[in-house]
2 protein chains.
Amino acid sequence: MTSEDTAFGSVALDLMERALDAQGLRHTLPRRTMLEVVAGMGRPFTATELTERVAGRDPHIGRASVFRLLQLLRGSGLVERLHGPDGELYTLCLAREHHHHVTCTVCGQTATFSLEDDRAVARAVERIGFRMEHHVLQVFGVCPACREHTEEPSR
Amino acid sequence: MTSEDTAFGSVALDLMERALDAQGLRHTLPRRTMLEVVAGMGRPFTATELTERVAGRDPHIGRASVFRLLQLLRGSGLVERLHGPDGELYTLCLAREHHHHVTCTVCGQTATFSLEDDRAVARAVERIGFRMEHHVLQVFGVCPACREHTEEPSR
DNA sequence: ACCTAATTGATACACATTATCAGTGTTGAT
DNA sequence: ATCAACACTGATAATGTGTATCAATTAGGT
């Protein structure tokens, strides 16, 4: 674990604990353990991956509690569920402004980005008479690191 | 059923049969029945909804065949699977150009639309070093008909 | 009519997620 | 510190969606 990971993790951990506090939820040892694991995930993860890592820390923690925590974190907006090509992915997401996700199809890493003109979507649907409520934009591509490995260096 | 529905349905039915023909698939009674039901759906539907309607026409047709047909139709691009807020939706979709879907959160009706500048998404992710492969944009809002009923006429 | 391979329905299976429920632990009031 | 209320827990069952299997049926060219 690099110092960057640690710093990011502790910030994330703090934010998540505050979010649970804000909902009047209790501090428990299983929850603390699960939060630490979530904070240590460096990329989107499946519920199964999370459950396995949690079990590595404390085998007594059950699947149900993992899903319950994911639901709580999604409710406070700190975790989002993305539609991956091979099922659902959960991702820790601290950016509070409107944003979108790009998932690397090679390594699975996810980054966030914003559109220059996000209202273009609202305008497009208004043209056919709809009033937009919300939208989900999910992008798949190849990240900078994986491009180096997979793309010909000649061009 | 209005004449519009009928006309749309028969066009859709025809396109779907041609698509199956093009793949060298056989004409069978269960398939014909299922295609007619799909063509008659006026909006996105869940696999379960389709299964129920098909069973209403012919109770002998099994769940597996419904899923198999959906897979065939998705393979030929005439049916798409959308990520709804409450699970997956299938929608009959005859538009062949690149497009997106808006789903009305009141009545469930779906329409298609295009962005003025679709490459804006590719540019946005290129700015952070990614090479885009594909993207999914799913919009939720209120359709013109439902706006009339739900929005105050005063404004 | 006949043959072969596609298609079928029933069934079992796999997987992610949610519901249930009795026991346990946290927390705030005292 | 004690206590009682109730949030939280893990185990388990249940749900829901989609896929795999397989023997029996059937389409469609010959």
Side-chain angles (χ1 to χ4, degrees), chain A residues 16-38 41 44-76 79-91, chain B residues 16-38 41 44-76 79-91:
Chain A
M16 287 190 287
E17 293 215 305
R18 281 175 204 275
L20 298 190
D21 282 350
Q23 293 179 57
L25 301 171
R26 293 182 178 171
H27 289 207
T28 68
L29 192 54
R31 221 165 240 175
R32 170 76 189 188
T33 303
M34 292 188 285
L35 287 180
E36 285 176 9
V37 175
V38 170
M41 306 292 263
F45 48 89
T46 64
T48 303
E49 280 167 3
L50 178 59
T51 304
E52 284 167 358
R53 287 217 200 180
V54 166
R57 288 276 218 100
D58 182 348
H60 293 284
I61 297 178
R63 277 202 323 272
S65 298
V66 173
F67 278 101
R68 275 189 287 248
L69 181 73
L70 284 175
Q71 225 170 332
L72 291 174
L73 293 175
R74 286 171 63 198
S76 57
V79 162
E80 294 187 11
R81 185 157 68 175
L82 309 176
H83 308 287
D86 302 315
E88 307 298 277
L89 294 172
Y90 296 84
T91 186
Chain B
M16 288 190 288
E17 295 215 304
R18 281 173 203 275
L20 298 190
D21 282 351
Q23 293 180 57
L25 301 171
R26 293 182 178 171
H27 289 207
T28 68
L29 193 53
R31 223 167 238 174
R32 172 75 190 188
T33 303
M34 293 188 285
L35 286 181
E36 284 176 8
V37 175
V38 170
M41 308 292 266
F45 48 90
T46 63
T48 303
E49 280 168 3
L50 179 60
T51 305
E52 284 167 359
R53 287 217 201 180
V54 166
R57 288 278 219 99
D58 182 349
H60 294 283
I61 297 178
R63 249 166 20 100
S65 299
V66 173
F67 278 102
R68 276 189 288 246
L69 182 72
L70 284 174
Q71 226 170 332
L72 290 175
L73 293 175
R74 286 171 64 199
S76 58
V79 162
E80 293 187 11
R81 186 157 68 176
L82 310 176
H83 308 288
D86 303 315
E88 306 297 279
L89 294 173
Y90 297 83
T91 186

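The chains referred to below are lettered A, B, ... by the order of the sequence lines, with proteins before strands, and numbering in each begins at 1.
When the salt bridge (Lys or Arg N to Asp or Glu O under 4.0 Å) test is applied to B:R81, the partners found at least two apart in sequence or on another chain are B:E88. Residues meeting the side chain to side chain donor-acceptor pair (under 3.5 Å) test with A:D58, sequence neighbours left out: none. Take A:R68 and apply the side chain to side chain contact (heavy atoms under 4.5 Å, CB included) test, not counting sequence neighbours, and it matches A:A64, A:S65. Partners of A:E17 under the side chain to side chain contact (heavy atoms under 4.5 Å, CB included) rule, at least two apart in sequence or in another chain, are A:R32, A:L35. The side chain to side chain donor-acceptor pair (under 3.5 Å) search around B:H60 returns none, not counting sequence neighbours. Taking A:R18 as the reference, A:D14 meet the side chain to side chain donor-acceptor pair (under 3.5 Å) condition, with sequence neighbours excluded. In terms of the salt bridge (Lys or Arg N to Asp or Glu O under 4.0 Å) criterion, residue partners of A:R57 (sequence neighbours excluded) are, by chain and number, A:E36. Taking the salt bridge (Lys or Arg N to Asp or Glu O under 4.0 Å) definition, one finds that A:E49 meets it with nothing, sequence neighbours left out.
Closest heavy-atom contact between B:L72 and B:R31: CD1-NH2, 3.7 Å. Between B:T46 and B:Y90, the closest heavy-atom pair is C-CD1, 4.3 Å. Residues B:F45 and B:V38 approach most closely at CZ-CG1, 4.4 Å, considering heavy atoms.
Here D:dG28 presents its P atom at 13 Å from CZ of B:R32, a figure rounded to the nearest Å. Rounded to a whole Å, the CG atom of B:L50 is 16 Å from the C1' atom of D:dG16. One can place CG of A:L69 at 8 Å from P of D:dT9, the figure rounded to the nearest angstrom. One can place CG of B:L89 at 16 Å from P of D:dG16, the figure rounded to the nearest angstrom. If you take CG of B:L29 and C1' of C:dT8, they are 12 Å apart, rounded to a whole angstrom.
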Report each atom pair, protein N/O against N/O of nucleotides 23-25 of chain D, whose distance is under 3.5 angstrom.
none

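Over its full length, the helix from C:dA1-D:dT30 to C:dT30-D:dA1 turns its helical axis through 30°, comparing axes from the five pairs at each end and rounding to 10°.
Taken from NE2 in B:H27 to CG in B:D21, the straight-line distance is 3.5 Å, to the nearest 0.5 Å. Separation of atoms CG (B:L20) and CZ (B:R26) is listed at 13.5 Å; rounding is to 0.5 Å.
For the OP1/OP2 pair of D:dT19 and a distance below 4.0 Å, the side-chain nitrogens and oxygens of B:Q71 include at least one atom meeting the criterion. Between D:dT9 and A:T28, a contact under 4.0 Å exists linking OP1 or OP2 to a side-chain N or O. Taking 4.0 angstrom as the limit, A:R31 places none of its side-chain polar atoms (N or O) nearer than this to OP1 or OP2 of D:dA7.
Residues of residues 19-27 of chain A having a heavy atom closer than 4.0 Å to DNA chain C, listed by number: A:R26, A:H27.
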### Task
Give the B/S/- string for nucleotides 10-17 of chain C, one per nucleotide from 5' to 3', where a protein heavy atom under 4.0 Å of the base yields B, of only the sugar-phosphate yields S, and otherwise -.
B-B---SB
